[in-house]
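We name chains A, B, ... by the order of the sequence lines, and we start the count at 1 in each one. Any value given below was found using the heavy atoms of this structure, including those in side chains, with hydrogens, waters and symmetry copies removed.
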Number of protein chains: 4
Amino acid sequence: MGNETTRREELLIVAARLFSRKGYHATSMQDIADELNILRGSLYHYIESKEGLLYELMELGIQTLMERVRPIVESDLPPDEKLARLIRQHTITIASYPDFMAVFLHELKSLSPPRRERILAYRQEYDHLVRRILAEGVERGVFRPVDVRVVSFALLGMVNWVYQWYSPDGPLSAEEIGTVFANLVLQGLLDRDDT
Amino acid sequence: MGNETTRREELLIVAARLFSRKGYHATSMQDIADELNILRGSLYHYIESKEGLLYELMELGIQTLMERVRPIVESDLPPDEKLARLIRQHTITIASYPDFMAVFLHELKSLSPPRRERILAYRQEYDHLVRRILAEGVERGVFRPVDVRVVSFALLGMVNWVYQWYSPDGPLSAEEIGTVFANLVLQGLLDRDDT
Amino acid sequence: MGNETTRREELLIVAARLFSRKGYHATSMQDIADELNILRGSLYHYIESKEGLLYELMELGIQTLMERVRPIVESDLPPDEKLARLIRQHTITIASYPDFMAVFLHELKSLSPPRRERILAYRQEYDHLVRRILAEGVERGVFRPVDVRVVSFALLGMVNWVYQWYSPDGPLSAEEIGTVFANLVLQGLLDRDDT
Amino acid sequence: MGNETTRREELLIVAARLFSRKGYHATSMQDIADELNILRGSLYHYIESKEGLLYELMELGIQTLMERVRPIVESDLPPDEKLARLIRQHTITIASYPDFMAVFLHELKSLSPPRRERILAYRQEYDHLVRRILAEGVERGVFRPVDVRVVSFALLGMVNWVYQWYSPDGPLSAEEIGTVFANLVLQGLLDRDDT
DNA sequence: TATGAATGAGGGTTCATTCAT
DNA sequence: TATGAATGAACCCTCATTCAT
């Protein structure tokens, strides 16, 4: 264990922070080098190019998200419980790595087409995971017969927005926020038999 | 009336589109001038600086939103109806001016501090409008006793995200999407007396 | 008439001189800008890129050569007279524009493939002009039955090499040198009937 | 004997090839290291500096040429035979070591003044060998009374150009090409008594 | 011998902006 | 209004070389 951080990991963390705060194009390699107390040119021992660095951050972001959410989707839990857990887990992940997530969510346009395609593929894969739960719930009659596509976007907007306002010093923990979200959405979706 | 568009309005529209698609820093004055078929230097007859242009776009975005939403908040409608209308109206506005809205939502960090403060003030004002409705609803017992701050962020994330995926050619109109959103949220909030 | 030289022409001349003396890669845009007393960045008002500049110089070189030599080849003169004139004209051209010619002869490898191909095409066209004269002379029995390809290379090496040693202050003019060359080659080629 | 090639010799051969194909300045130490499958830094166990390496290649080139040509010049053969052999030998040498020869012929300008002087001295020494034969031939009345300087340059241009087009897979061997050259020049020079 | 992180300078290029015309 | 040449700073990146390991 231990908190050994390699120079390279440090670079990724610093870059994610700067890209997230100032934006990719507004962040210079100089800015990154300054934070690491090395020279501009020395960065290229660790990365191939600025855009390659961006890609790596975005890939890390989406992969982390997926690793945490996929087991939920593939479990045997009922759809409502799956959805609640997915919402909580997504919220927690965003709150845990807000810099990586902000970069992943905002800088797609800064990638050149080939790399952009690859990230887009991840993104679609993730979207499908979410929709699958919703579709399953509707099919089984657990959820109201909603427009799965629109609701999935509603849900993703809600949780992705978290990085914009979440603070670890705030009154609610990420898990608590996730629970509020889950309650809200489930209340809105459950097909109650209020005869 | 007629569709006269002054050169200046054209400039704003073109700039909004480019800033939204490529990002503020990735868009050059050259890019803008090219679309207008004039030369780089000639832009400065219409605007004071690139950053001034950005500010103007963002102000237009938030002001448009506010003009449309404020009357709803200040009306005498019951809280649930106010909320439904706000959600619909916000959704429609985003879908109507996606470029301006995307710029408003993403490029705050590209403004220098003084201008940033001014936009932030607008933003907070808008947030308060939303929270006021929620607080009112909870107070009157129309809504469940939810965390107003968190729910307002949930709601804003949901509607702001629309610019990311909305297409005028999609199966649902902006109004229909707004209605789906409103239903979802209201279902989630209403304090039903399901004795 | 008059000796008005536009800024752009000046740039080409200066670049040819520097590329020829120091080599393309060893010449920086700074070097060129210094000679013109402008800033590095200002060069890009006149050229598209350093490599584009190189291409333009090379194209100017080969086109100049071709314009001067083609009329000779296409004339109705007998082959030996054509060859003598070509050699003289080529020599004079090289001596008149040694910088452009040196760049043309040496920096092919500094061009990226697409541009390289275009220059190579010119080069082959020129080679064909030379070979056509030789072949014609051999066919008509004016020249000995030599290997046209090898002799054409011999001839081109001889005249191209001129830029390496020619000086306008030397004892012989470019035309005189061309005449020496022509005599040498013709003596070597003519099919004398020394029965 | 055997074909043991030390690491160092391998380095020289690889460097000559790269310098010849891409040019000295366009070739990075990285390029060389890559071909040898070692790291950039490790090159400095074998050489002192990039420029030192270039110098060594050029010296090898000119020395090889001189070693092969000097015995011919210093022999007791008649001038025309000497000249024929020199042309053949020079041609063969260029065709045998085209990379070294190309570097020697093109990269003089890439050397710093002190090293450049040394190579220039070799070059002049070689030029004198060639001129000595010509002068001798003219003096003895074997050759026509030509301008020795110009003819020597003609001859050198012809043979040096070989590296530009020679291919071991071509229809003629280097020796055959040398013979064509020698015939051409001698025919052009011999003082025939064509009464 | 070989490694690989680090240096420090310089490379070509782009940019927002100015200003005389 | 519009032009276009020029500015000056900053940009990303590459390079030859060093040196502790």
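Under 3.5 Å, the side chains of E51(C) and S110(C) contain no donor-acceptor pair of N or O atoms.
Straight-line distance from the OH atom of Y44(B) to the P atom of dT1(F): 18 Å, rounded to whole Å. The separation between K50(A) atom NZ and dA10(F) atom P is 15 Å, rounded to whole Å. The nearest whole Å value for the distance from the CD atom in E10(C) to the C1' atom in dA5(F) is 14 Å. N37(D) has its CG atom 16 Å from the C1' atom of dT1(E), to the nearest Å. L39(A) places its CG atom 18 Å from the P atom of dT17(F), with the value rounded to the nearest Å. Between R8(B) atom CZ and dA2(F) atom P there is a gap of 14 Å when expressed in whole angstrom units. Taking atom CD on E48(D) and atom P on dT18(F), their separation rounds to 9 Å, with Å as the unit. Whole-Å rounding puts the Y46(B) OH to dT17(E) P distance at 17 Å.
Between H25(A) and F19(A), the distance from one ring center to the other does not fall under 6.0 angstrom.
Remark: R116(D) is not positioned above the aromatic ring of Y55(D), lacking an NZ or CZ atom under 6.0 angstrom from the ring centre and at most 45 degrees off the axis. Taking the centre and axis of the six-membered ring of F100(A), the NZ or CZ atom of R17(A) falls outside the cone set by 45° and 6.0 Å.
With dA5(E), dT7(F), dG8(E) as the choices, the nucleotide that has an atom nearest any side-chain atom of I38(C) turns out to be dT7(F). When the nucleotides dG8(F), dG12(E), dT1(F) are ranked by their closest atom to the side chain of M29(C), dG12(E) comes out on top.
With a cut-off of 3.5 Å on both Watson-Crick or G-U wobble distances, the partner of dG10(E) is given as dC13(F). Within the shown strands, dA2(E) is the pairing partner of dT21(F) under the Watson-Crick or G-U definition, both distances less than 3.5 Å.
Salt-bridge annotation for R115(D) and E48(D): present, with a side-chain N of the basic residue lying under 4.0 Å from a carboxylate O of the acidic one.
Here S28(D) lies in heavy-atom contact (under 4.0 Å) with sugar-phosphate atoms only.
Looking at which nucleotide of DNA chain F each of G41(C) and Y24(D) is closest to, the 5′-most match is held by G41(C). Residue Q30(C) is the one, among S49(B) and Q30(C), whose nearest nucleotide of DNA chain E lies closer to the 5' end (criterion: closest heavy atom). Residue whose closest nucleotide on DNA chain E sits further toward the 5' end, between E51(B) and H45(D): H45(D).
Residue R40(C) places a side-chain atom within donor-acceptor reach of the base of dG12(E), judged by atom type and a 3.5 Å distance cut-off alone.
At dT1(E), none of the side-chain N or O atoms of S42(D) fall inside 4.0 Å of OP1 or OP2 (strictly under the cut-off).
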